[in-house]
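Take a look at the structure below.
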2 protein chains.
Amino acid sequence: MSMRLQDVSEAAPLRSCTHEYKVNCETCRLSRICLPLAINHQDLEQLESIIQRSKPLQKGELLYHEGSPFQSIYAVRSGAVKGYRTTSDGREQVTGFYFPGEILGMDGISNNSHASSARALETAAICAIPFDSLERLSASMPSLQRHLFQLMSREITDDQLLITLLSKNSADERVATLLLSIANRNARRNLSASQFRLPMSRVDIGNYLGLTVETISRVFSRMQKTGVLRVDNKEIEILDQEALQQAANLAA
Amino acid sequence: MSMRLQDVSEAAPLRSCTHEYKVNCETCRLSRICLPLAINHQDLEQLESIIQRSKPLQKGELLYHEGSPFQSIYAVRSGAVKGYRTTSDGREQVTGFYFPGEILGMDGISNNSHASSARALETAAICAIPFDSLERLSASMPSLQRHLFQLMSREITDDQLLITLLSKNSADERVATLLLSIANRNARRNLSASQFRLPMSRVDIGNYLGLTVETISRVFSRMQKTGVLRVDNKEIEILDQEALQQAANLAA
DNA sequence: GCCGCTTCTTGATCTGTATCATGGCCGTGT
DNA sequence: ACACGGCCATGATACAGATCAAGAAGCGGC
């Protein structure tokens with residue numbers, strides 16, 4: 001199994017390598033964009049105490065499966081995860097990609113069972129946050145309660161953007177929008193916004209954007225030909241940010 | 001202005017016709033599917049006290065507009081409302097239809113400003129629920145807090161279903177799915193699941209489903225010809241529930 | 001280092017839905 | 001009652017992206 005440095009470098013360093021995977025929110029570089037945001041020092045200890053960290057997921061491993069009982073929401077510490085649901089005829093619909101600092105699993109709350117599945121796109125370290133504890137905690141911590149409401153609301157607006165993208169935009173616009181979204185999320189983590197490695201396959205991208213693999217390939221080729229991108233397999237370099245922005249904004 | 005009985009008949013009867021529009025949750029026939037669900041008698045009084053009811057919206061009137069400051073979420077008491085967002089090039093994307101007993105406006109929480117707009121599709125009575133009061137109340141009422149989380153989670157899973165629909169399904173499948181969704185929501189309110197009046201225009205349906213008006217017309221015509229539906233302008237009768245279900249399930 | 005499997009690219013053709021165009025209908029206001 | 005304007009239906013044509021097909025490149029296992 002090839003091991004990329006990137007896989008583990010983003011989260012706080014592992015203090016020990018016992019079963020417990022001691023990491024804490026306080027020293028985690030991602031806390032700024034993750035749950036602990038807007039929580040003061042003493043409250044953080046309480047949050048800290050309920051969060052569970054476990055062995056990193058290997059590429060392709062399942063984090064949770066649709067229909068399984070809902071217990072926790074999850075924060076990505078390193079790596080990348082895709083969320084998807086299976087249609088009645090057995091096909092997959094990718095509903096989102098999750099990068100370090102981002103939270104997933106909140107769609108399981110309404111039915112006490114996960115409405116979607118989540119799978120690691122590459123080796124991924126995950127924090128599990130038991131929801132019943134979180135609920136109890138948030139009743140006594142207004143800022144946490146508010147943060148949770150905001151997180152869920154954010155998920156709703158993100159989904160609405162995707163709905164609009166799927167409903168109104170051309171293949172080029174969809175791809176441009178996704179690349180810019182990834183670039184922005186990289187920037188938030190102080191990574192390069194112009195050069196990065198896509199953790200997901202072309203199939204996943206197509207699936208997410210409501211397009212076929214072939215179309216994704218063609219769009220990448222076209223954008224490479226016009227000098228907007230440099231594409232080397234999963235390695236992407238945005239050469240003309242302006243042009244990409246314009247391609248995305250044409251209708252988004 | 002023509003006045004359809006249906007417009008006002010579903011909500012609790014108006015006790016008086018003063019400015020205050022006295023209606024209470026306790027007697028509202030919709031409480032079973034609305035916010036008060038799972039709240040006991042004494043807590044209900046507190047919730048009751050923060051809810052504001054105002055003059056019914058006329059067809060076409062705006063409930064809130066994207067970008068405007070977020071203060072309340074809204075419950076539909078009678079009539080119907082559409083939610084939509086405006087794309088950067090000025091077009092509309094309808095993101096949902098809301099019927100009596102349903103809650104909208106939760107996408108405004110994340111930014112303290114509405115991410116979408118909402119407009120009455122016909123004369124509509126609305127309950128406004130100030131969110132800061134609701135937040136305070138829910139900190140001391142675990143069942144209310146949980147209900148709010150569930151509502152938002154439900155919105156997320158609904159959006160994911162729409163994403164899948166837009167991404168994977170044909171025109172016929174999309175229309176069939178929408179009709180069945182409306183039928184089910186009618187049934188929940190003890191209305192006919194096989195015969196109803198669509199409150200929205202063909203344009204809105206097309207917009208919501210990522211299709212053009214012409215396509216919606218053609219699908220309706222086709223389904224009428226094959227005996228699945230009887231379509232008389234906005235009046236719909238589902239003649240062959242089985243067939244419609246099958247059309248929707250082909251890929252949903 | 002080589003083999004085989006999966007992922008990706010590129011080309012040729014097909015198809016569902018958009019687009020364009022026209023006419024009918026229905027509700028609303030005068 | 002009538003005329004106007006928005007909404008709806010239907011036909012003809014165009015096109016973006018799907019599908020089908022085949023080969024190339026990357027990657028893990030031996």
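Chain letters run A, B, ... following the sequence lines, proteins first and then strands; every chain starts at 1. What you see is a predicted model, and the numbers here were worked out from it, not measured in a lab.
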Report all interatomic pairs (protein N or O, nucleotide N or O of nucleotides 14-18 of chain D) with separations under 3.5 Å.
residue	atom	partner	partner atom	Å
dG17(D)	OP1	A171(A)	N	2.8
dA18(D)	OP1	T212(A)	N	3.3
dA18(D)	OP2	T212(A)	N	3.4
dA18(D)	OP2	T212(A)	OG1	2.9
dA18(D)	OP2	T215(A)	OG1	2.3

Can you check the R202(A) CZ to dT6(C) C1' distance for me, whole Å? 14 Å
From CG of N233(B) across to P of dC25(C) the rounded distance in Å is 12 Å
Sequence neighbours excluded, every pair satisfying salt bridge (Lys or Arg N to Asp or Glu O under 4.0 Å) that has a member inside residues 212-225 of chain A: D172(A)-R222(A)
Tell me what V203(A) touches on the nucleic acid: a base, only sugar-phosphate, or nothing, going by heavy atoms under 4.0 Å. sugar-phosphate
Rounded distance (Å) that lies between atom P of dC27(D) and atom CD of E235(A): 11 Å
Between atom CG in L229(B) and atom P in dC8(D), what is the gap in whole Å? 16 Å
Between R188(B) and E102(B), is there a side-chain N and carboxylate O pair less than 4.0 Å apart? no
What is the distance, to the nearest angstrom, from the NZ atom on K225(B) to the P atom on dA9(D)? 12 Å
Evaluate the side-chain proximity of I216(B) to T212(B): yes if any heavy-atom separation is below 4.5 Å, no if none is. no
L198(B) CG - dC8(D) P separation (whole Å): 10 Å
Mind calculating the distance between CG (D232(A)) and C1' (dT9(C)) to the nearest angstrom? 13 Å
Whole angstrom value for the distance that separates C1' of dA25(D) from CZ of F220(A): 17 Å
For residues S167(A) and Q93(B), is any side-chain donor paired with an opposing acceptor at under 3.5 Å? yes
Measure from the ring center of Y64(A) to the ring center of Y74(A) and say whether it is less than 6.0 Å. yes
Partner of E92(A) by salt bridge (charged side-chain N to carboxylate O under 4.0 Å, His left out), out of R85(A), K82(A), R119(A): K82(A)
Touch check for S217(A), heavy atoms < 4.0 angstrom, all strands: base, sugar-phosphate only, or nothing? base
